[in-house]
Asks: 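For reference, the structure I am asking about is given below.
Every value quoted in this text rests on a predicted model; they were computed, and no experiment measured them. Residue numbers run from 1 in the order of the sequence given.
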Amino acid sequence: MLGDSKAFSGFAVGDIGKAKEFYGRTLGLKVSESNGLLTLHLAGGNNVLIYPKPNHTPAGFTVLNFPVNDVDQAVDELTKRGVRFEIYDLPDIETDKKGIMRGNGPAIAWFKDPAGNILSVLEQEIS
């Protein structure tokens, strides 16, 4: 029944204005706003809906992953733009001083948007 539906994902934030600034300016994504909702227009024609939610509580998991050819380069560039990467020292997740986990799957680094939602850049060959 839904096999031909062009589904999309979405998540909440507490402040659409801050989200628009972060996703549009800081991350450099194409964004549009309509009826109080923000749409991220991602490469490949995919969209993600961001909607306001009073008393927003961020998810405890990664809501959006950005594949990149070189995670070190992406982390360096985003750090220059003011993004702070998470540092983990847990039994199953340990990052280096830049916030990159290596050797347990693809190299990956996690960061948060202004609403506390967890995002990542992960190294993956992009054609």
Asks: Nearest 0.5 Å please: distance from the CD atom of Glu77 over to the CG atom of Asp70.
Replies: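 The CG atom of Asp70 is 12.0 Å from CD of Glu77, to the nearest 0.5 Å.
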
Asks: For Ile50 and Ile16, what are the C-alpha separation, side-chain angles and deciding distance, and is it a side chain to side chain contact (heavy atoms under 4.5 Å, CB included)?
Replies: CA-CA 8 Å; Ile50 299 180; Ile16 289 291; 4.2 Å; yes

Asks: Tell me every residue that passes ring pair (Phe, Tyr, Trp, His ring centres under 6.0 Å) with Phe111, counting only those two or more places apart in sequence or in another chain.
Replies: Phe85

Asks: Rounded to the nearest 0.5 Å, what separation is found between the CG atom of Leu27 and the CZ atom of Arg81?
Replies: 8.0 Å

Asks: Hey, does Glu94 have a side-chain heavy atom less than 4.5 Å from the side chain of Asn104?
Replies: no

Asks: Just verifying a value: how many Å separate Ile93 CD1 and Ile108 CD1, rounded to the nearest 0.5 Å?
Replies: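 It is 8.5 Å, given to the nearest 0.5 Å.
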
Asks: Between Pro58 and Gly116, which heavy-atom pair has the shortest distance, and what is it?
Replies: CB-O, 3.2 Å

Asks: Without hydrogens or angle criteria, can the side chains of Ser120 and Asn65 be said to hold a donor-acceptor pair below 3.5 Å?
Replies: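 The answer is yes; a qualifying pair exists.
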
Asks: Tell me whether Leu29 shares a hydrophobic cluster with Val75, the cluster being built from Ile, Leu, Val, Met, Phe, Trp, Tyr side chains joined at under 4.5 Å.
Replies: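 Yes, it is one cluster - the side chains of Leu29 and Val75 are joined through contacts under 4.5 Å.
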
Asks: How about Ile100 and Glu123: do any of their side-chain heavy atoms sit closer than 4.5 Å?
Replies: no

Asks: Apply side chain to side chain contact (heavy atoms under 4.5 Å, CB included) to Val68 and Leu122, showing your working.
Replies: CA-CA 6 Å; Val68 295; Leu122 72 149; over 6 Å; no

Asks: Any non-hydrogen side-chain atom of Asn117 less than 4.5 Å from a side-chain atom of Val13?
Replies: yes

Asks: Taking the side chain as every heavy atom from C-beta outward, state whether Leu49 and Leu38 have any atom pair closer than 4.5 Å.
Replies: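 In short, these two side chains do not touch, never coming nearer than 4.5 Å.
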
Asks: Return the minimal non-hydrogen interatomic distance between Gly14 and Ala115, and the atom names on each side.
Replies: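 Result for this residue pair: N-CB, 4.1 Å.
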
Asks: Looking at Tyr88, I want to see if its OH is surrounded by more than 12 non-hydrogen atoms of other residues, nucleotides or ligands under 6.0 Å.
Replies: yes

Asks: Do Leu64 and Ile118 come close enough that some side-chain heavy atom pair is under 4.5 Å?
Replies: no

Asks: Please round to the nearest 0.5 Å and tell me the distance separating atom CG of Leu2 and atom CG of Asp4.
Replies: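 Rounded to the nearest 0.5 Å, the CG-CG separation comes to 9.5 Å.
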
Asks: To the closest 0.5 Å, what do you measure between CD1 (Ile87) and CE (Met101)?
Replies: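 Output value for this atom pair is 13.0 Å.
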
Asks: Val121 vs Leu78, test: side chain to side chain contact (heavy atoms under 4.5 Å, CB included). Steps then yes/no.
Replies: CA-CA 10 Å; Val121 287; Leu78 289 169; 3.9 Å; yes

Asks: With side chain to side chain contact (heavy atoms under 4.5 Å, CB included) as the test, would you mind laying out the steps for Val48 and Phe8 before giving the verdict?
Replies: CA-CA 6 Å; Val48 174; Phe8 60 92; over 6 Å; no

Asks: According to the side chain to side chain donor-acceptor pair (under 3.5 Å) rule, which pairs have a member within residues 18-35, sequence neighbours left out?
Replies: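 Sorted pair list: Lys20-Glu33, Tyr23-Asp113, Ser32-His41.
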
Asks: Are Pro52 and Leu37 packed together at the side-chain level, in the sense that at least one heavy-atom pair is separated by less than 4.5 angstrom?
Replies: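 SC-SC contact between Pro52 and Leu37 confirmed.
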
Asks: Any Lys/Arg nitrogen of Asp72 or Arg102 sitting under 4.0 Å from an Asp/Glu carboxylate oxygen of the other?
Replies: yes

Asks: Leu119 versus Phe22: any side-chain heavy-atom pair under 4.5 Å?
Replies: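 They are in contact (side-chain heavy atoms under 4.5 Å apart), so the answer is yes.
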
Asks: According to salt bridge (charged side-chain N to carboxylate O under 4.0 Å, His left out), who are the partners of Lys53, at least two apart in sequence or on a separate chain?
Replies: none

